[in-house]
Amino acid sequence: MKRLWGAHVSAAGGLKNVILNAKTLNVSAVQIHPSAPQRWITKDIDTAQIESMVKEQKKYPELKLIFAHAIYLINLANPDKQKFHLSKMAVISYLNFMFDVNSIAPKYNSDLKVGGVVVHPGSAKHVTSSEEAIERVQKGLNYILENSRGGTVLLETTAGAGQIIGDTFEELSKLRENSIDPKRIKFCIDTQHMWASGYDIKNSPDAVIEEMEKYLGIENIKLIHLNDSATELGSHKDRHANLGEGTIGLLALKRFINHPKLAHIPVVLETPGLKSIETAKIEVTKLKQIIS
Ligand SMILES: [Zn+2]
């Protein structure tokens with residue numbers, strides 16, 4: 001199968017616009033926030049919205065795959081009861097979105113699919129120990145799995161800033177293994193975050209990929225977030241840079257994403273250049289030139 005790749009695009013003005021934005025960039029995969037990312041969401045995404053997106057996709061069938069990125073406010077390690085609850089509800093509504101798109105699309109003869117909901121595991125900044133934080137994340141994930149209709153959580157590797165959970169493959173893999181339904185928990189690897197947390201994907205990609213195999217399982221990696229890095233290896237800072245404008249560099253990124261073991265995994269850009277359509281086109285062109 002042809003590799004799917006693209007960029008994070010806006011869903012502002014309605015889900016239908018996701019298809020138009022994908023078409024403008026000429027990509028086969030996108031990532032979106034199905035709702036405003038700076039606002040809590042406790043309800044399911046409207047079915048009429050989903051139908052309009054699915055119908056629109058038939059005019060641009062090159063777009064095959066959507067990833068939903070959880071809203072920014074989520075922290076599944078938050079000891080504040082209300083915020084913990086809202087965090088769980090927000091992921092549940094996105095998982096239901098995934099389930100709904102994947103069941104509605106075939107009814108319209110559309111092959112559009114949602115491939116997963118990207119979730120940052122959370123931050124231990126409000127709690128006394130990282131064990132306590134991880135325990136709460138685990139509880140949260142189990143609640144989410146139990147109370148959603150379907151869909152897959154993609155736990156994302158983090159840069160490890162502050163007390164962020166999930167900057168080692170081992171930590172992420174435990175969250176999956178200790179969950180009530182590991183089949184519904186997979187992973188998203190982010191090139192900038194891995195680099196920032198100390199995985200040298202530039203000089204020793206094989207060693208990093210070996211670690212991935214050991215802890216995550218390549219078959220469980222469903223998405224690559226492609227970013228160059230504005231900070232150094234091991235900086236523990238989450239700072240994306242445009243392709244070729246950071247400390248990883250275009251050649252290293254090219255080698256990494258096309259490594260024989262990873263060359264089937266969808267790739268989505270999250271670089272600063274995506275903010276305007278003109279610069280987004282430049283980023284997509286660079287990706288097109290390096291991806292095989
Ligand atoms: Zn990312």
Side-chain angles (χ1 to χ4, degrees), residues 4-11 18 25 27 29-34 37-38 65-76 87 90-91 94 98 114-123 137 152-162 164-169 171-173 175-176 185-199 201-202 208 212 216 220-231 233-248 252-253 256-257 262 265-275 280 283-284 286-287 290-291:
L4 302 175
W5 57 269
H8 186 100
V9 298
S10 168
V18 168
L25 295 177
V27 292
V30 292
Q31 176 175 276
I32 61 167
H33 299 294
Q38 57 292 83
L65 193 57
I66 293 177
F67 292 93
H69 193 295
I71 60 167
Y72 299 138
L73 305 166
I74 289 176
N75 179 7
L76 290 172
S87 291
V91 181
Y94 277 23
M98 172 171 177
V114 177
V117 178
V118 178
V119 176
H120 295 199
S123 163
V137 173
T152 315
V153 171
L154 303 183
L155 292 177
E156 178 171 4
T157 54
T158 62
I164 296 278
I165 300 161
D167 67 327
T168 68
F169 299 150
E171 203 165 68
L172 282 183
S173 85
L175 288 172
R176 174 172 188 269
I185 298 194
K186 309 279 177 185
F187 304 108
C188 163
I189 55 171
D190 184 304
T191 52
Q192 195 276 328
H193 299 172
M194 287 190 289
W195 176 251
S197 66
Y199 290 108
I201 58 169
K202 181 176 182 171
V208 176
M212 277 178 196
L216 305 180
N220 294 321
I221 302 172
K222 299 297 177 192
L223 174 62
I224 298 174
H225 277 171
L226 183 63
N227 298 297
D228 210 327
S229 177
T231 60
L233 173 70
S235 67
H236 295 288
K237 285 192 182 119
D238 186 340
R239 303 268 189 283
H240 299 184
N242 290 334
L243 298 184
E245 295 174 18
T247 53
I248 308 174
L253 289 170
F256 182 78
I257 60 170
L262 307 181
I265 303 173
V267 173
V268 162
L269 287 165
E270 278 184 330
T271 54
L274 301 182
K275 284 191 185 95
E283 288 299 289
V284 167
K286 284 189 260 179
L287 171 55
I290 63 168
I291 200 155

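All values below come from the heavy atoms of this structure, side chains included, with hydrogens, waters and symmetry mates left out. Whatever order the structure lists ligands and atoms in, that order sets their numbers, starting from 1. Worth saying up front: this structure is predicted, and the values here are computed from it rather than measured.
Taking the ring centroids of His193 and Tyr199, they lie at or beyond the 6.0 Å cut-off. Proximity of the aromatic rings of His240 and His225 is defined here by a centroid distance below 6.0 angstrom, and this criterion is not met.
A salt bridge links Lys286 to Glu245: one of the charged nitrogens lies within less than 4.0 Å of a carboxylate oxygen.
Looking at residues two or more places apart in sequence or on another chain, you find a side-chain contact (heavy atoms from CB on, under 4.5 Å) between Ala7 and Leu25, Leu269, Leu274, Val284. A search for ring-ring contact (aromatic ring centres under 6.0 Å, His included) contacts involving Phe256 returns nothing, not counting sequence neighbours. Partners of Lys237 under the side-chain hydrogen bond (donor to acceptor under 3.5 Å, both in side chains) rule, at least two apart in sequence or in another chain, do not exist in this structure.
Excluding waters, the set of protein N, O or S atoms lying under 2.8 Å from the Zn ion (ligand 1) comprises Glu156 OE2, Asp190 OD2, His225 ND1, Glu270 OE1.
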